[in-house]
Amino acid sequence: MDDGKKQNFGGGQEIENPNNITIKGIIGLLVGHTDCNDNRKVISLGIGDPTAYSCFHTTAVAQEAVVESLRSAKFNGYSPTAGLPQARKAIAEYLSRDLPYKLSQEDVYLTAGCTQAIEITLSILARPGANILLPRPGFPIYGLCAAFRHLEIRYFDLLPDKGWEVDLEAVETLVDHNTVAMVIINPGNPCGNVYTYQHLKKIAETAKRLGVVVIADEVYGHLAFGANSFVPMGVFGSIAPVITLGSLSKRWLVPGWRLGWLVTNDPDGSLKSPKFVERLKKYCDICGGPATFIQGAVPTIIEQTQEAFFRKTINMLTQTSDICFEKIKEIQCLSCPYKPEGSMTVMVKLNLCLLKDISDDIDFCFKLAKEESVIILPGLAVGLKNWLRITFAVEPSSLEEGLERVKFFYQRHSNLQNRC
């Protein structure tokens, strides 16, 4: 898994690969490590794509909108640089429902999923000597994109004993005149937390005082099912400039459609300078965007999706997160400091002193894949060694079976002589 090797190309040129682990990369290795002689199905609790299960299925409205868009033959050509105006307008109106001000379609740029929105955002903010603040644990694509853009990465910790809140005191010590932004992921991936209004306001006030942009990753926006309601970071755009990243992927259960957005939540206009806007549009030209016929379906998808569809998803995630939390209690080598209240994943701590012949989280996950055909993401992949990230957006019976196999694995490897 050493991604940091240098490769030689013609003329003796050397290109260094960023030394970052990707979730898809390590999941692929784990799947490849399963026992082909094990007749049981492989159960993946490692990646946030619930569409493999029939209980997580998009609405017929969305499917029919895409079919109609394609059959209309109106969307077979290139779209404008920032996306179809009607799609941008629909997303602006959708996001404005939760804001104290109205977004315009000019604030919205369509992207090929939220991953491309991350790439574009970091690329336009990068400059020689710049640094960016990333959460730990977090989503590793940010580190990978930052490395490719030669942005220095500075990590701030999320505090598990405080509901994975941002360590704002640490943020204050990390910022200097070369810091271009800090990233906030809410609802939390990988932690399953949902930030309160008060904490988000403190983040905005800290960003204002330090003079940095907030990149708000809200790809799991509205997937909140605990005590805290989802509050978009854009609510505080008048305190500090916010770039919001999101997509249809999670709330509409269509990650393969690759329809994301980058939005400037900036009622005071500091992100609307002609130079910044021109740079953003030029980078969108380089990258291209989502398929035009998917863009053509966006207004219907957003305007006609019924609240009952969203409630069904929330009810299912509530059920599966409860199952996950309760089953983890039965596995003595795992501890969960915070019951998930949002997104589709949760972080659990691995207590190695209760295990024999397991050296760390990587070793745990590879042996688990080999012996039980269960895939769980090692915490190292998201920045926390000797933790695990478990995805609970899984059909309930598969989730129960998968965690039951983890319990059997623990019992087989338990260190009976030791009690931490």
Side-chain angles (χ1 to χ4, degrees), residues 18 20 22-25 27-28 47-51 58 62-63 65-67 69-70 74-92 94-95 103 105-126 139-149 151 181 183 185 189 215-221 223 243-265 277-302 305 344:
N20 296 78
T22 67
I23 290 176
K24 287 182 179 178
I27 293 294
I47 196 161
D49 182 355
T51 60
T58 194
Q63 294 174 316
V66 171
V67 171
S69 176
L70 191 56
K74 295 178 181 178
F75 305 108
N76 292 333
Y78 296 119
S79 68
T81 294
L84 292 177
Q86 60 267 43
R88 297 172 71 194
K89 181 173 183 288
I91 291 167
Y94 165 67
L95 297 176
L103 294 167
Q105 70 180 54
E106 298 303 314
D107 297 317
V108 178
Y109 300 81
L110 300 189
T111 62
C114 194
T115 297
Q116 190 183 68
I118 294 170
E119 178 193 357
I120 292 172
T121 302
L122 269 58
S123 297
I124 63 173
L125 291 174
F139 186 52
I141 289 294
Y142 282 97
L144 186 61
C145 286
F148 269 110
R149 299 304 169 203
L151 275 165
V183 172
I185 304 175
N189 176 17
I215 300 171
D217 185 325
E218 296 176 357
V219 74
Y220 287 98
L223 293 184
I243 299 175
T244 298
L245 313 181
S247 75
L248 294 181
S249 298
K250 308 300 184 182
R251 196 179 190 203
W252 271 269
L253 303 175
V254 287
W257 291 9
R258 312 311 297 143
L259 193 292
W261 52 79
L262 181 163
V263 177
T264 53
N265 292 96
V277 171
E278 184 66 16
R279 184 171 170 83
L280 185 48
K281 288 181 176 178
K282 284 182 176 178
Y283 205 83
C284 288
D285 267 336
I286 294 171
C287 292
T292 309
F293 73 91
I294 298 290
Q295 296 184 45
V298 165
T300 301
I301 292 172
I302 288 178
T305 299
M344 298 177 177

Report task. Could you tell me which residues satisfy ring-ring contact (aromatic ring centres under 6.0 Å, His included) with Tyr94, sequence neighbours excluded, listed by chain and number? Result ->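 With neighbours one apart ignored, the set is Trp252.
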Under a 4.5 Å cut-off applied to non-hydrogen side-chain atoms, are [X] and [Y] in contact?
| X | Y | value |
| --- | --- | --- |
| Val219 | Phe139 | no |
| Ile243 | Leu262 | yes |
| Ile294 | Arg258 | no |
| Tyr78 | Thr292 | no |
| Lys282 | Ile124 | no |

Query raised in the report: Can you list the residues that meet the salt bridge (Lys or Arg N to Asp or Glu O under 4.0 Å) rule with Asp217, with sequence neighbours excluded?
Result: none
Hey, what do you get for [atom1] ([X]) to [atom2] ([Y]), rounding to the nearest 0.5 Å?
| X | Y | atom1 | atom2 | result |
| --- | --- | --- | --- | --- |
| Leu144 | Ile118 | CG | CD1 | 10.0 Å |
| Glu119 | Thr111 | CD | OG1 | 10.0 Å |
| Ile91 | Gln105 | CD1 | CD | 11.0 Å |
| Glu218 | Leu95 | CD | CG | 8.0 Å |
| Leu245 | Cys114 | CG | SG | 5.0 Å |
| Ile302 | Arg251 | CD1 | CZ | 10.0 Å |

Requested in this report: Run the numbers on Gln63 and Val254 for side chain to side chain contact (heavy atoms under 4.5 Å, CB included), then give the verdict.
Outcome: CA-CA 10 Å; Gln63 294 174 316; Val254 287; over 6 Å; no
Between [X] and [Y], what is the shortest heavy-atom contact and its length?
| X | Y | value |
| --- | --- | --- |
| Tyr283 | Ser123 | OH-OG, 3.1 Å |
| Thr58 | Leu253 | CB-O, 4.0 Å |
| Trp261 | Leu248 | CZ3-N, 3.7 Å |
| Pro85 | Pro80 | CD-CG, 4.2 Å |
| Ala117 | Thr121 | O-OG1, 2.7 Å |
| Ala87 | Leu110 | CB-CD1, 3.7 Å |

Requested in this report: State whether the side chain of Thr305 and the backbone N or O of Ile301 hold a donor-acceptor pair below 3.5 Å, judged by distance alone.
Outcome: yes
Query raised in the report: Distance-only, no hydrogens or angles: does the Arg88 side chain make a donor-acceptor pair with backbone N or O of Gly83 under 3.5 Å?
Result: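 No: the side chain of Arg88 does not pair with the backbone of Gly83.
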Query raised in the report: Given the rule in the side chain to side chain contact (heavy atoms under 4.5 Å, CB included) test, do Gln86 and Gln295 qualify, once you have shown the distances and angles that lead to the verdict?
Result: CA-CA 9 Å; Gln86 60 267 43; Gln295 296 184 45; over 6 Å; no
All N/O donor-acceptor pairs, side-chain side in residues 284-291, below 3.5 Å, sequence neighbours left out:
unit_1, atom_1, unit_2, atom_2, d
Asp285, OD1, Thr81, OG1, 2.6

Query - Residues Val277, Tyr109; criterion side chain to side chain contact (heavy atoms under 4.5 Å, CB included); working and verdict - result: CA-CA 11 Å; Val277 171; Tyr109 300 81; 3.7 Å; yes
Report task. Test side chain to side chain contact (heavy atoms under 4.5 Å, CB included) on Ile215 and Leu122 and set out the steps. Result -> CA-CA 9 Å; Ile215 300 171; Leu122 269 58; 4.0 Å; yes
